[in-house]
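This report refers to the structure that appears directly beneath it.
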Amino acid sequence: MSAIPIPTIDDRTQRMIDGMIAAEARHLSQRAIEEDECECKDGMFPSRAPTNRRNFLFAAGSSAGVAAAALVAGSASAQQAPAGAKHFDVPADPTREQGRAVAADGGYGTRSQFETEVRVRFPTANENTSWSFTPLDRSLGNLTPSGLHFERHHGGIPTIDPSRHMLYVHGMVDGPRKYTMADLKRFPSVTRKYFIECSGNGLTEWNKPTLKTVQGTHGLLSTSEWTGVQFSTIAREVGLKDGGAWVLAEGADAAVMTRSIPMEKMLKDALLAYGQNGEAIRPEQGYPLRLLLPGYEGNTHIKWLRRLEVSDKPFMTREETSKYTDLLANGKARQFSFDMEAKSVITFPSGEMKLPGPGFYNVNGLAWSGRGRVQSVDVSTDGGATWVPARIESVPEPICTVRFSLPWMWNGQPAVLQSRCADETGYVQPTLKQLIAIRGSNGPFGSIYHLNAIQSWGVAADGSVTNVHA
Amino acid sequence: MSTHKLIYAAAFIVGFAFTQASSAQVAHYGFGSAATPEELSRFFSIPPDGHGLPPGSGNATNGAQIYAGACAACHGDKLEGNPAKGIGGDKLIGGRGTLASKAPVKTVESYWPYATTLFDYVKRAMPFNAPGSLSDDDVYSVVAYILSEAKIIQPNETIDAKSLPKVAMPNKDGFEPDPRPELQLFR
């Protein structure tokens with residue numbers, strides 16, 4: 001390892017990393033306090049559920065004359081329900097009393113009060129230009145619940161009335177047009193499952209294992225089913241002039257976010273999405289309209305999309321010059337590095353979990369590629385010395401996360417767990433050493449973006465799992 | 001009408017409907033409406049050649065005053081940035097010669113390849129607490145001030161639609177196209 005040059009990190013990035021370490025520590029210490037009150041102290045499935053309170057209500061519900069206690073409990077209960085949930089008293093025996101009335105939730109359901117995972121915000125100084133991580137450590141299947149989809153905003157989340165929202169399409173077109181949301185929904189639509197990943201996912205991990213949980217190391221990744229109109233449909237409507245090679249996409253937020261996208265990509269598979277997981281796209285994901293660019297870095301998927309301008313050249317916006325460019329060790333920077341390359345990570349077991357003892361564990365995680373389908377996933381339990389093909393839990397879809405798993409009998413000895421995927425183009429997920437060797441051919445690699453290296457989780461003899469570089 | 005005739009009639013109608021549907025796949029749906037030049041005039045996105053830069057002008061002297069009132073709280077009196085909680089304004093100048101070092105400092109001065117991007121971004125999204133509130137003259141002036149403090153232009157230069165695209169940024173040749181995929185990583 002000593003032969004590997006240490007990557008450079010610019011000063012601002014270093015401050016961000018330091019802040020995130022502190023924030024994750026706060027998040028974990030809070031979780032530890034709650035776990036102390038929990039019978040599941042082994043930590044294998046870290047639980048933030050208010051178990052002590054659950055026990056109290058169990059006792060209260062099983063005896064008579066506790067109305068006063070329940071009343072007191074009721075006033076406190078609003079605070080006890082996790083985000084996205086509502087608190088209900090737990091009956092002693094749910095078969096002995098009626099449950100809640102049908103549609104008493106007002107007609108829109110909430111998750112169970114016992115499910116507590118939430119996104120965690122990266123502690124940038126400014127809360128409006130910031131990002132939050134999806135809790136991958138307890139993710140199930142391939143999709144991300146809409147409410148847990150990671151966020152990255154540069155000027156907060158705008159509130160947009162869809163009846164007043166308009167998409168303008170102009171520039172090098174035969175006839176500039178504008179579309180209301182109702183207009184857009186009249187066009188033929190398509191529905192596809194795609195992941196979105198921020199190119200800054202893992203930016204803290206170049207130098208050394210830095211964040212403790214998979215939420216911190218990989219949580220700028222989420223997957224939804226998206227519904228919308230293909231850009232090619234709209235392009236045919238407005239007519240493209242010869243020489244139109246780029247399209248500027250602009251958002252209707254306070255950052256008025258802009259990126260230039262190659263026309264080839266726009267015509268290939270760009271989607272003007274208004275649907276996410278079967279309902280309208282969430283406000284923090286771009287309501288009422290978002291540009292979906294399958295496999296491209298997340299920043300290009302312009303949210304609150306209001307304008308598409310066709311041009312013969314890129315516009316060189318702030319986001320494609322001063323940001324989202326990859327500074328190399330020789331001082332030059334890669335630009336328009338759109339593709340999110342093949343990557344995988346084990347989500348169970350992962351950092352800060354603790355295996356209760358030797359025995360069977362269903363190691364599992366997610367694999368994805370911005371260039372197509374995941375072809376295969378291998379898992380190593382010995383730090384990459386030997387590899388075993390993982391089971392792929394569903395038919396892989398292009399540019400979509402797929403869950404893999406491997407049955408593992410842990411013998412109680414220290415182990416290093418890794419996953420490595422290959423996509424249908426033949427690209428194989430690299431080691432960190434390989435990435436730095438290639439990109440640092442003129443010296444150490446200085447970019448913070450596009451880290452898709454193999455992740456290692458160290459399992460100690462006591463079962464504790466930590467982020468390691470191996 | 002006999003049953004047979006009914007079936008033929010139905011077949012004709014269905015066939016007609018299909019014809020209509022398939023022709024709709026190549027014709028225009030015609031949804032939406034024409035966007036007028038007036039409607040489009042409120043939008044801008046300024047490329048390096050300066051196309052779409054508005055009339056008006058500014059200089060560093062005026063820019064210093066506007067900066068003090070609208071920008072300094074987040075970006076610092078000396079354009080040094082302000083990492084304080086709730087602010088987090090970027091450092092705007094300095095860092096020349098650091099890009100190939102172990103501690104690169106990326107600022108407008110050291111990293112941004114085009115001065116037009118600075119105009120576009122300030123007009124688009126600054127000041128952070130009141131985006132889009134500066135007049136075009138004010139934006140030209142603030143841009144002139146930042147470029148002047150960065151010693152990229154002279155303090156007395158006027159910045160307008162003609163001069164801005166000609167400003168040569170120190171890192172204008174610092175970018176290269178993405179060479180990925182890296183072929184070493186294929187099976």
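- Of all residues in residues 39-60 of chain B, those placing a non-hydrogen atom less than 4.5 angstrom from a non-hydrogen atom of chain A are B/Glu39, B/Leu40, B/Arg42, B/Phe43, B/Phe44, B/Ser45, B/Ile46, B/Pro47, B/Pro48, B/Asp49.
- The most heavy-atom pairs under 4.5 Å with chain A, out of B/Ile87, B/Thr107, B/Leu183, B/Thr36, come from B/Ile87.
- Of the listed residues B/Gly86, B/Ala125, B/Gly95, the one with more heavy-atom pairs under 4.5 angstrom with chain A than any other is B/Gly86.
- Put simply, the side chain of B/Phe31 does not reach to within 4.5 Å of the side chain of A/Leu184, judged on heavy atoms.
- Chosen from B/Ala84, B/Gly30, B/Ser33, the residue pairing most often with chain A at heavy-atom distances under 4.5 Å is B/Ser33.
- Neither the backbone nor the side chain of A/Pro123 comes within contact range of chain B; no heavy atom of the residue lies under 4.5 Å from a heavy atom of that chain.
- Contact of A/Tyr427 with chain B is made through backbone and side chain together, with heavy-atom distances under 4.5 Å.
- Both the backbone and the side chain of A/Ala254 come within contact range of chain B, judged by heavy atoms closer than 4.5 Å.
- When B/Arg124, B/Met126, B/Arg187 are compared by the number of non-hydrogen pairs under 4.5 Å with chain A, B/Arg124 comes out ahead.
- Judged by distance alone, the side chain of B/Thr117 and the main-chain N or O of A/Met316 form a donor-acceptor pair under 3.5 Å.
- For residues 161-168 of chain B, heavy-atom neighbours of chain A at less than 4.5 Å comprise no residues at all.
- Contacts of A/Thr180 with chain B are absent, with no heavy-atom separation under 4.5 Å from either backbone or side chain.
- A donor-acceptor contact shorter than 3.5 Å is absent between the side chain of A/Arg318 and the backbone of B/Trp112.
- Within a 6.0 Å sphere centred on CD of B/Gln184, other residues, nucleotides and ligands contribute more than 12 heavy atoms.
- Chosen from A/Phe336, A/Tyr168, A/Tyr179, the residue pairing most often with chain B at heavy-atom distances under 4.5 Å is A/Tyr168.
- Going from atom OG1 of A/Thr317 over to atom OH of B/Tyr121 covers 10.5 Å, rounded to the nearest 0.5 Å.
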Test log, rule side chain to side chain contact (heavy atoms under 4.5 Å, CB included), inputs A/Ile438 and B/Leu185: CA-CA 9 Å; A/Ile438 295 168; B/Leu185 300 178; 3.7 Å; yes
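- Only the side chain of A/Glu250 has a heavy atom closer than 4.5 Å to any heavy atom of chain B.
- Of the two parts of A/Thr425, the backbone and the side chain both hold a non-hydrogen atom closer than 4.5 Å to a non-hydrogen atom of chain B.
- For the set B/Pro181, B/Pro113, B/Gly132, the count of heavy-atom pairs under 4.5 angstrom toward chain A peaks at B/Pro181.
- Each of A/Arg371, A/Gln434, A/Glu127, A/Gln429 has some count of heavy-atom pairs under 4.5 Å with chain B, and the biggest count is that of A/Arg371.
- In this structure, the portions of B/Ala34 lying under 4.5 Å from any heavy atom of chain A include both its backbone and its side chain.
- Taken to the nearest 0.5 Å, the CG atom of A/Asn126 stands 10.0 Å off from the NZ atom of B/Lys85.
- Each of A/Glu319, A/Met257, A/Lys332 has some count of heavy-atom pairs under 4.5 Å with chain B, and the biggest count is that of A/Lys332.
- Taking CG from B/Asp120 and CZ from A/Phe315, the interatomic distance works out to 9.5 Å, rounded to the nearest 0.5 Å.
- Closest non-hydrogen pair, B/Gly32 versus A/Asp183, comes out as CA-OD2, 3.2 Å.
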Verdict with reasoning, B/Tyr29 to A/Phe187, per ring pair (Phe, Tyr, Trp, His ring centres under 6.0 Å): CA-CA 8 Å; B/Tyr29 296 97; A/Phe187 287 105; 5.5 Å; yes
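- Heavy-atom proximity under 4.5 angstrom to chain A picks out B/Asp173, B/Gly174, B/Phe175, B/Glu176, B/Pro177, B/Asp178, B/Pro179, B/Arg180 from residues 169-180 of chain B.
- With chain B as partner, the option from A/Ala422, A/Pro314, A/Pro188 having the largest number of non-hydrogen pairs under 4.5 angstrom is A/Pro188.
- Close approach to chain A, defined as a heavy atom under 4.5 Å from one of its heavy atoms, is seen in no residue of residues 148-160 of chain B.
- Interatomic distance, OH of B/Tyr111 versus OG of A/Ser322, reported as 8.0 Å (0.5 Å rounding).
- If you measure heavy-atom distances from A/Arg307 to chain B, the contacts under 4.5 Å come from the side chain alone.
- Using a 4.5 Å heavy-atom threshold, the side chains of A/Lys323 and B/Asp90 count as touching.
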